[in-house]
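Since the structure comes first, as structure tokens, the remarks are kept for the end.
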Amino acid sequence: MRWSQAFIPTLRDDPTDAEAASHRLLVRGGYIRQLMSGVYSLLPLGYRVRTKVIAIIREELDAIGGQELLLPAMHPREIWEKTGRIEAMADILFTLSDLRGGDAILGPTHEEIFATVATELTSYKQLPQLWYQIQTKFRDEARPKSGLLRVREFTMKDSYSFDVDTSGLDEQFDRHFAAYNRIFERLGVTAVAVEASSGAMGGSDSIEFIVPSPAGEDDIAHCPACGYAANVERASSRIPAIDDEPGPDQPQRFPTPDVRTIVDLVEFEGGASADRQIKTLVYVLDGEPTLVLLRGDHELHEQKLQDGTGAIDIRPGQPDEILELLGADAGSLGAVGVSGPRILADLQLADRTNMVTGANLNDHHIRGVDVDRDIAVTDWLDLRTVVAGEGCPECGEALEVFRGIEAGHIFKLGTKFSETLGATVLNADGVPVPLVMGSYGIGVERNMAAVVEMNYDDDGIVWPVSVAPYEVVITAVKIDDEATMTVANRLYDDLNDAGIDVLIDDRDERPGVKFNDAELIGIPYRVTVGPRGLANDIVELADRRSGEKTELQIEDAAEEVAALVAGSRFPVSSLQSPVPR
RNA sequence: CGGGACGUAGCGCAGCUUGGUAGCGCGCAUCGUUCGGGACGAUGAGGUCGCCGGUUCAAAUCCGGCCGUCCCGACCA
């Protein structure tokens, strides 16, 4: 491509509304433009990167036996009603109506539709099957942000596996795990495999691939000693047990004027340290008011509450609901003697004695509470948020917590979708059994952004060769110098002939502008052709990542650059991803 | 959804407090000089001041409503 004819609208200034590095650089570099909140146009450079990312994903999926198909983006409402996800995913579904007044939805994911297609499978002899597509998804995210990192319309590679039993599923899951690791390695990002919550997908097991980055939105608990890694939505930890002093035979109510918070009660004369308090929260789970109990110094993780109860709609109780349920306002709540609503307690409260909690009478608390004796706990659940420094659940070493981008997610779904949608096959005994499904997703544009988040410097993007829009840029320093243009054009032709993606900067611009643009858009190799070098029969090769410059003899340049590029197309990563357990 | 901010030329911004027919930098076009790390001079093109309504002789500016965008939080396969 000749830069003089290319549409590469680079900007001199940073866009003010871009915070994340990838957002800022992709806009400035002329890769993307926003059309509306969470919806982006990919300009020629962006589209080239996307194409390369997709090619890598496709190769690795094909390598594990995937068959590519393309299902519709628009779905009938009825299928989503059958599986109940019309409610479970209601808050992100784009819906629309057709001329007959029928309802359709724009697919946020395709388990339902793939399972519907899979009803045509009839025999275990046809299994296993691995189907995938690369297609547009629509999710009406409440808060799109950070450029391509969190959008409402995006491309996803989603694959679905169909097996006759769970051992078959396990195999396909492991194959995807390996394929995903190869994909991230080739994209030039570190992705850490972590245990994750399955959320609205349901199913037994899921693993997320997290690219560590401050621009991410997931918090990961990680053990540097043994490699344990889990999303805090799901992570557990070891913490020291508390030695309770013996309490009285009966809980005792006492006045606590103006005490509203855990900290108030810590500071109150006759109060208690936070780890000796019971925090009582009121949540409404699918319309049902529910008490949620945690140790005073622990924080609830709502995803754990959702996963632990299976509730779809979950929200904190309103002040009036709380008052009606317990007869007191937040700040004086407790579960002692409460019998109506469900009472969910965090595991760390088990066997605790001599605790302090609210009395369900404003400005009063109760001390001497024995959890087993005094509170009618309905369910014991792991509800608290793991914090850095707590002990690894596997080996006890201190956990670290880091932030990252969810670049991929793989799920063992089981038979949830196949049962509801009637996707069964006959097994070897002639008995109909539901297909055992897995589903596996990787977001294309989000991964483009993740690559940038991990590969940039003060001058711009530093693409890995594997996904760079162009592998080489030839910078012609002086376009009205005949010798310069002859050499530059010949090099351009030779590299094109060698199958290299090459951009020649033949614009009538000053060299500084050309160098800066080349660095901003992040082309891995730059060959500078100009009178100064030609006087010595050389051109100059610059490595974007290292900044290193080497001189090449004119006659060898094309061959050397082509060899260099070919050798760096498949980066061998030295990065290690912790093995999932 | 709660909180905060913003919306004026392709991009980045000023002007608004105190109403009087819109300005700066970059970019763009033409010419000249220059040109191996974001050149200089001259000339020029380009704007429904987010939208609707109100106040006023007069609204980018004051008032009301709406729309849009970003940030924090909530939420999120």
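In what follows, chains are A, B, ... by sequence order, proteins preceding strands, each numbered from 1. Note that the structure is a prediction, hence the values are computed from the model and not measured.
Among the heavy atoms of the strands lying under 4.0 Å from A:G530 is at least one base atom, whether or not backbone atoms are also near. Heavy atoms of A:T528 sit under 4.0 angstrom from at least one base atom. Residue A:D158 is classed as having no contact, given no heavy-atom separation below 4.0 Å to the nucleic acid.
Proximity of a side-chain donor or acceptor of A:K514 to a complementary backbone N or O of A:D505 within less than 3.5 Å is detected.
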Exercise. Which parts of nucleotides 66-74 of chain B does protein reach within less than 4.0 Å, heavy atoms only, written one letter per nucleotide 5' to 3' as B for base, S for sugar-phosphate only and - for none?
Worked result: ---SSSBBB
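Checked against the 6.0 Å centroid criterion, the rings of A:W131 and A:F162 qualify as a close aromatic pair. A ring-centre distance under 6.0 Å is found for A:F184 and A:F209.
Under the Watson-Crick and G-U wobble criteria, each requiring two contacts below 3.5 Å, nucleotide B:rC6 is paired to B:rG68. Judged by Watson-Crick or G-U wobble contacts below 3.5 Å, the nucleotide B:rC1 has B:rG73 as its partner. Using Watson-Crick or G-U wobble geometry with both donor-acceptor distances under 3.5 Å, B:rC35 finds no partner in any strand shown. B:rA29 and B:rU43 make up a base pair, with Watson-Crick or G-U wobble contacts both under 3.5 Å. Pairing of B:rC62, defined by two Watson-Crick or G-U wobble distances under 3.5 Å, is identified with B:rG54. In a base pair of the Watson-Crick type (N1 to N3 plus N6-O4 or O6-N4) or a G-U wobble (N1-O2 and O6-N3), with each distance short of 3.5 Å, B:rG12 is matched with B:rC24.
For the residue pair A:T109 / A:E111, a side-chain donor-acceptor distance below 3.5 Å is found, with atom types taken as modelled. A donor atom on one side chain and an acceptor atom on the other are found under 3.5 Å apart for A:Q172 and A:D163. Side chains of A:Q133 and A:E68: a donor-acceptor N/O pair is absent below 3.5 angstrom, by distance only. The closest side-chain donor-acceptor pair between A:K137 and A:H110 falls under 3.5 angstrom.
Atom pair A:R28:CZ and B:rC26:P shows a separation of 16 Å (rounding to whole Å applied). At whole-Å resolution of the value, CG in A:D91 and P in B:rG2 are 16 Å apart. One atom, CG of A:D219, and another, P of B:rC75, lie 13 Å apart when rounded to the nearest Å.
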Show the distances under 3.5 angstrom between N or O atoms of the protein and N or O atoms of nucleotides 4-11 of chain B.
none

Check the interface with nucleotides 30-35 of chain B: list each N/O to N/O pair with the protein under 3.5 Å, or write none.
unit_1, atom_1, unit_2, atom_2, d
B:rU34, O2, A:R510, NH1, 3.0
B:rC35, O4', A:R510, NH1, 3.4
B:rC35, N4, A:D480, OD2, 3.3

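Minimum interatomic distance between A:L491 and A:V529 (heavy atoms only, all atoms of both residues): CD2-CG2, 4.3 Å. Nearest heavy atoms, A:V477 versus A:P511: CG1-CG, 3.8 Å.
We find that A:K82 and A:E78 are not joined by a salt bridge, their nearest charged nitrogen and carboxylate oxygen being 4.0 Å or further apart. Between A:R545 and A:D543 no salt bridge is recorded (no basic side-chain N to carboxylate O distance below 4.0 Å).
Spacing between B:rU48 and B:rU61 at atom P, rounded to whole Å, works out to 16 Å.
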